[in-house]
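To start, the structure itself, in structure tokens.
In this text the structure is predicted, and so the values were computed from the model without any measurement. Letters go in sequence order (proteins before strands), and every chain restarts at 1.
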4 protein chains.
Amino acid sequence: MKRNKPKYKQIIDAAVVVIAENGYHQAQVSKIAKQAGVADGTIYLYFQNKEDILISVFREKMGLFVEKIEEVIAGKDAAAEKLLVMIENHFKRLSADQHLAIVTQLELRQTNKELRLKINEVLKEYFLLVDKILRHGQERGEFPADLDIRLARQMIFGTMDETVTTWVMNEQKYNLEALAPAVHNLLLNGCGLKS
Amino acid sequence: MKRNKPKYKQIIDAAVVVIAENGYHQAQVSKIAKQAGVADGTIYLYFQNKEDILISVFREKMGLFVEKIEEVIAGKDAAAEKLLVMIENHFKRLSADQHLAIVTQLELRQTNKELRLKINEVLKEYFLLVDKILRHGQERGEFPADLDIRLARQMIFGTMDETVTTWVMNEQKYNLEALAPAVHNLLLNGCGLKS
Amino acid sequence: MKRNKPKYKQIIDAAVVVIAENGYHQAQVSKIAKQAGVADGTIYLYFQNKEDILISVFREKMGLFVEKIEEVIAGKDAAAEKLLVMIENHFKRLSADQHLAIVTQLELRQTNKELRLKINEVLKEYFLLVDKILRHGQERGEFPADLDIRLARQMIFGTMDETVTTWVMNEQKYNLEALAPAVHNLLLNGCGLKS
Amino acid sequence: MKRNKPKYKQIIDAAVVVIAENGYHQAQVSKIAKQAGVADGTIYLYFQNKEDILISVFREKMGLFVEKIEEVIAGKDAAAEKLLVMIENHFKRLSADQHLAIVTQLELRQTNKELRLKINEVLKEYFLLVDKILRHGQERGEFPADLDIRLARQMIFGTMDETVTTWVMNEQKYNLEALAPAVHNLLLNGCGLKS
DNA sequence: TATGAATGAGTATTCATTCAT
DNA sequence: CATGAATGAATACTCATTCAT
């Protein structure tokens, strides 16, 4: 299995660094190879083509992401609490790896529709996780029974995504993690006054 | 003034069609020229370069967008109602021009950071519009006085954007406009139970 | 006759200025038209094409050149003296019109072989003038009877040309005219010691 | 070192042939690649850009030129003799490589001022060589002590250049090499009668 | 005569991928 | 397994010239 060989991970990590530092359109395969300390041709022993590298970057990094989040939400009973630790974790992990934040929020979006669909495939697991939290909330009576799960999930992802992207575009000048409670509150209660 | 000449609009419209049908990276200047029914060189009598076409597409189309929305929200007093007609209009206009929807949600995001920053400039007006609605809501006592305007705006945009993008990625199979009330409700009240 | 109309000369003069200031490859027809104060299309009422402008520049300017030199050498009897005033005049006229000097020495040489052959046609009259001086010198016993007229003419032209070009390339920093006697002496006596 | 690899020289030689046969402005990189028997992209493994090819052509070919001439003049004591073998060699080498003659006398002069300045850099060595001969002649008492070295060099180069160019423009119909003694004599003694 | 908007042919360069060693 | 030299397809932009007004 190629994915367990050391060079596989070397190349993935090199890709994240190169894309973050040079931007997607300036991240040539030869640059990634150089950063990884291998020959250009070697890349093709581990990946089918350049697109495969990018998807693999996303899969490997986001995989850890979702795994970790699954862990922390398992420790909470209430859906609202699960949601909070999810947002906190999401923000914390991207804050901790600024290269990864740039790559996922800005650079990997400059790809064509086809590649974006494949990236969305990877995100499905994350979507399912949120859906599970939402259904759990309905079962517990925390969330309305008629809540549109899909729309709610789109709100949650859209809001987290917009918040992180704005933070990255502002050169990560402020503390993203500190926004988690406020974002959580907005998602639960909206911007309208509760009666 | 070049912007009022008929060929200027011809080329803008041709660009939207060509980008929507071929994707951003396959939207060669010669294809746009052919679609517009002019010679390649004529493009450069109206635009400085290819990037200028793309920004102009966004500016012209989004300009109308914001203008129209300003109009309809002026007809409503309550901030909540303003928000509703804004979302309705946003969804309606993108539903009505499927090419434009593809271009703004998918294709124009494949551009480099520089171009994206210029595109964001255009969006600022839209941001300001939402901020105004939110402050209006606070003044009227509809929204909490301690609402974080910037975060709330990010939630509103992030949610609308994610909703429209999902719809475009699903090949516009369902009725986007019909989702407006549900989205509006989610944004106002969140996914948590009231009371 | 188009050559006598005022716009004909306007365009010729504009071409000299534009070429001198922008270089041959940046001397677009539209720039020349603008400098001449006419529309682009008007150029083609007076000249067949761009090449025709360039040849005409050379013909008009060099024609005056040769005419003037013919005048001044007529006033001298000795071939050596005729040669001296020719060199003096050649240097003086190019010193007086720095734009023309740049155009003839640097810019017009960046043309293709075909155009250069046509330009050489124009120079033939100048060549004939020198040949006449040389033969006159032989008849008077000033120059050796076995002097190879063609080679001698090539030396005279080559030397004057190299001298002027070097001066132009050095940004006309020194007094070209003052070099005439020394050049004249070199051409007459060579660099070898007289016995 | 790329300059010693066989493809480097292949491309240089191909460039000379292509430029001579098609003219400077019709010497596309793809034509040069085809003539050299390599892919277009391969050119850019050995040269930075098209201009770099042209300068390299000049440097490689003229370098040999000057080297060879330095060799032959070292075998002569008298400055006059050195001058003679220099002219002979200059004419002989350009006669032997007609393609090179066309390229250096006609085609490479069609370049812009910037490129020409770089080419002139290469010629400086040749200039220094002539200057050395002239000073040597002064020291030996062959040439006048008050000889203007710079003007004399301009005469020598201008005359050789004009002679070769005329020969090339006349399609190399006559024997250039045979003119060397006559040119040498003219340069040493001028066209005026001695004593 | 004069205009100037419109035309459209033509080309250097990059970079993902291959394959002989 | 690993290398890296070689490949070759693909594209924005300029500007001399025309012709309807």
Side-chain angles (χ1 to χ4, degrees), chain A residues 2 5-8 11 25-34 36-54, chain B residues 2 5-8 10-11 25-34 36-54, chain C residues 2 5-7 11 25-34 36-54, chain D residues 2 5-8 11 25-34 36-54:
Chain A
K2 303 220 159 176
K5 300 208 176 165
K7 287 197 179 166
Y8 179 83
I11 293 167
H25 290 292
Q26 280 308 304
Q28 293 87 351
V29 172
S30 60
K31 251 184 209 157
I32 296 173
K34 197 173 186 180
V38 301
D40 293 17
T42 304
I43 298 267
Y44 291 87
L45 297 175
Y46 295 89
F47 300 90
Q48 289 173 26
N49 48 38
K50 188 178 177 180
E51 194 173 273
D52 190 25
I53 308 175
L54 303 175
Chain B
K2 304 226 156 176
K5 298 199 178 169
K7 292 206 174 160
Y8 179 82
Q10 256 176 62
I11 293 166
H25 290 291
Q26 280 305 305
Q28 293 89 347
V29 172
S30 61
K31 255 184 206 156
I32 296 173
K34 198 172 186 180
V38 301
D40 293 18
T42 305
I43 297 268
Y44 293 89
L45 295 177
Y46 295 90
F47 301 90
Q48 291 176 21
N49 49 38
K50 190 178 175 181
E51 193 174 271
D52 189 26
I53 307 176
L54 303 174
Chain C
K2 304 219 157 176
K5 301 206 175 169
K7 288 199 179 166
I11 293 166
H25 290 291
Q26 282 306 305
Q28 292 88 350
V29 172
S30 59
K31 252 184 208 157
I32 295 173
K34 196 171 187 182
V38 300
D40 294 16
T42 305
I43 298 268
Y44 291 88
L45 298 175
Y46 295 89
F47 300 90
Q48 290 174 24
N49 48 38
K50 189 178 177 181
E51 195 171 272
D52 189 25
I53 308 176
L54 303 175
Chain D
K2 303 224 156 176
K5 297 198 180 169
K7 291 203 175 161
Y8 179 82
I11 294 166
H25 289 292
Q26 280 306 305
Q28 293 89 348
V29 172
S30 60
K31 254 185 207 158
I32 296 173
K34 198 171 186 180
V38 300
D40 293 17
T42 304
I43 298 268
Y44 293 88
L45 296 177
Y46 295 90
F47 301 90
Q48 292 176 21
N49 48 41
K50 190 178 176 180
E51 193 174 273
D52 190 26
I53 307 175
L54 303 174

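The main-chain N or O of B/Q26 is found under 3.5 Å from a side-chain atom of B/K31 such that the two form a donor-acceptor pair.
Comparing D/G37 and C/D40 against DNA chain F, the residue whose closest nucleotide sits nearer the 5' end is D/G37. The residue among D/G41 and A/G41 whose nearest nucleotide of DNA chain E is located toward the 5' end is D/G41. Comparing B/Q28 and C/N49 by the nucleotide of DNA chain F that holds the closest heavy atom to each, the one mapping nearer the 5' end is B/Q28. Comparing C/A39 and D/S30 by the nucleotide of DNA chain E that holds the closest heavy atom to each, the one mapping nearer the 5' end is C/A39.
In this structure, of E/dA16, E/dA6, E/dT3, it is E/dT3 that holds the atom nearest to the side chain of C/L45. For D/Y44, the listed nucleotide lying nearest its side chain is E/dT13; candidates were E/dT3, F/dG8, E/dT13. For A/V38, counting side-chain heavy atoms from C-beta on, the closest listed nucleotide (F/dT17, F/dT3, E/dT17) is F/dT3.
As rounded to whole Å, 17 Å separates atom P of F/dG4 from atom CD1 of A/I32. Across the protein-nucleic acid pair, A/L54 atom CG and E/dA16 atom P stand 10 Å apart, rounded to whole Å. Protein atom NE2 of B/H25 is 15 Å distant from nucleotide atom C1' of E/dT14, rounded to whole Å. Look at CD1 on B/I43: it is 17 Å from C1' on F/dC15, rounded to the nearest Å. Atom P of nucleotide F/dA2 and atom OH of A/Y8 are separated by 15 Å, given to the nearest angstrom. Rounded to whole angstrom, the span from the CZ atom of A/F47 across to the P atom of E/dT17 amounts to 13 Å. What separates CD1 of D/I53 from P of E/dT13 is a distance of 8 Å, to the nearest Å. In this structure, D/K34 places its NZ atom 16 Å from C1' of F/dT7, rounding to the nearest Å.
D/I32 CD1 to D/I53 CD1: the interatomic distance, rounded to the nearest 0.5 Å, is 4.5 Å. Going from atom NZ of B/K5 over to atom CD1 of B/I11 covers 11.5 Å, rounded to the nearest 0.5 Å. We find the CG-OH distance between D/L45 and D/Y8 to be 14.0 Å, quoted to the nearest 0.5 Å.
The nearest pair of heavy atoms linking A/Q28 to A/K50 is CA-NZ, 4.3 Å. When every heavy atom of A/Y44 is checked against every heavy atom of A/N49, the shortest pair comes out as CE2-CA, 3.9 Å.
Remark: F/dG8 base-pairs with E/dC15; criterion is Watson-Crick or G-U wobble with both hydrogen-bond distances under 3.5 Å. Across the strands present, E/dT21 finds its partner in F/dA2; the criterion is a Watson-Crick or G-U wobble pair with both atom distances under 3.5 angstrom.
Within the nucleic acid shown, C/K7 comes within 4.0 Å of sugar-phosphate atoms alone, with no base atom in reach, counting heavy atoms only. Looking at heavy-atom distances under 4.0 Å, B/Q26 makes contact with sugar-phosphate atoms alone, never a base. Within 4.0 Å of D/V29, counting heavy atoms only, lies at least one base atom of the nucleic acid. At a threshold of 4.0 angstrom between heavy atoms, the contacts of D/Y46 are confined to the sugar-phosphate backbone, with no base atom among them.
A/T42 has a side-chain polar atom (N or O) that falls below the 4.0 Å cut-off from OP1 or OP2 of F/dT3.
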